Amino acid sequence: MSRRRRIYRAAAILTGVAALLCLYLALVRHTGFMPGCPFRRITGLDCPGCGSQRAFLDLLGGHPIRALRHNLLLLPAATYLTALAILPKENRLRQRLTSAPAIYIILAAIIGWWIIRNILPLHEP
């Protein structure tokens, strides 16, 4: 990867982090605005992503344990997506993370989490 491309990638990541911090500080913290889950509103059940907004805000606020209580999959998902954003396409680890078996494992984890979270009371509202 060329130096220019690495600089652009780093700038994009820093811009994304700055945008997320602005969102947290300006919108959510001061207004309290957080849209609800349409799936939960219609069915009364949690979707795999329910609690992600609260968990994400807890991560931004430096509370990873509280974030895991809201949505157990957010931290692994954030780590996975960060790895995909950082690793070059030619990287062997990235190729393994995006292989068909890896995608099937991720899909199974999401479906398993969806079922478990609706059977057991694991999270705070």
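Below, each value reflects all heavy atoms present in this structure, side chains not excepted, and no hydrogens, waters or symmetry copies. Remember, it's a predicted structure, so these values are computed and weren't measured experimentally.
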Asker: Quick one: CG on Leu74 to OG1 on Thr79, what's the gap to the nearest 0.5 Å?
Answerer: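 Separation between the atoms: 9.0 Å.
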Asker: So, applying side chain to side chain donor-acceptor pair (under 3.5 Å) with Asp58, which one of His70, His63, Arg69 is it?
Answerer: His70
Asker: If we ignore hydrogens and angles and just use 3.5 Å, is the side chain of Arg117 paired with the main-chain N or O of Pro48 as donor and acceptor?
Answerer: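 Confirmed, Arg117 side chain pairs with Pro48 backbone.
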Asker: Measure across Arg9 and Ile86 and return the closest heavy-atom pair with its distance rounded to 0.1 Å.
Answerer: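 Between these two residues, the closest heavy atoms are NH1-O, 2.9 Å.
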Asker: Among Ile, Leu, Val, Met, Phe, Trp and Tyr joined by side-chain contacts under 4.5 Å, find the other residues sharing a cluster with Trp114 and list them by chain and number.
Answerer: Phe39, Leu45
Asker: Checking the side chain of Asn71 only, and the main-chain atoms of Ala55 only, is there a donor and an acceptor separated by less than 3.5 Å?
Answerer: no
Asker: Begin with the C-alpha distance, continue with both residues' side-chain angles, and end with the deciding distance and a verdict on side-chain contact (heavy atoms from CB on, under 4.5 Å) for Thr98 and Tyr80.
Answerer: CA-CA 10 Å; Thr98 57; Tyr80 177 80; 4.3 Å; yes
Asker: What distance separates Cys50 SG from Leu73 CG, expressed to the nearest 0.5 Å?
Answerer: 12.0 Å
Asker: Under 4.5 Å side-chain heavy-atom separation, chaining through any Ile, Leu, Val, Met, Phe, Trp or Tyr, what else clusters with Ile65? Say none if it is isolated.
Answerer: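 None; Ile65 is a cluster of one.
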Asker: Please report the interatomic distance CZ(Arg54) to CZ(Arg66), rounded to the nearest 0.5 Å.
Answerer: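 Atom-to-atom, Arg54:CZ and Arg66:CZ are 12.0 Å apart.
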Asker: Could you state whether Ile13 and Tyr8 fall into the same hydrophobic cluster, counting links through intermediate Ile, Leu, Val, Met, Phe, Trp or Tyr residues with side-chain heavy atoms under 4.5 angstrom apart?
Answerer: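 In one cluster with Ile13: Tyr8, no.
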Asker: Do side-chain atoms of Tyr104 reach the backbone of Ser99 as a donor and acceptor pair under 3.5 angstrom?
Answerer: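 Looks like no, no N/O pair under 3.5 Å.
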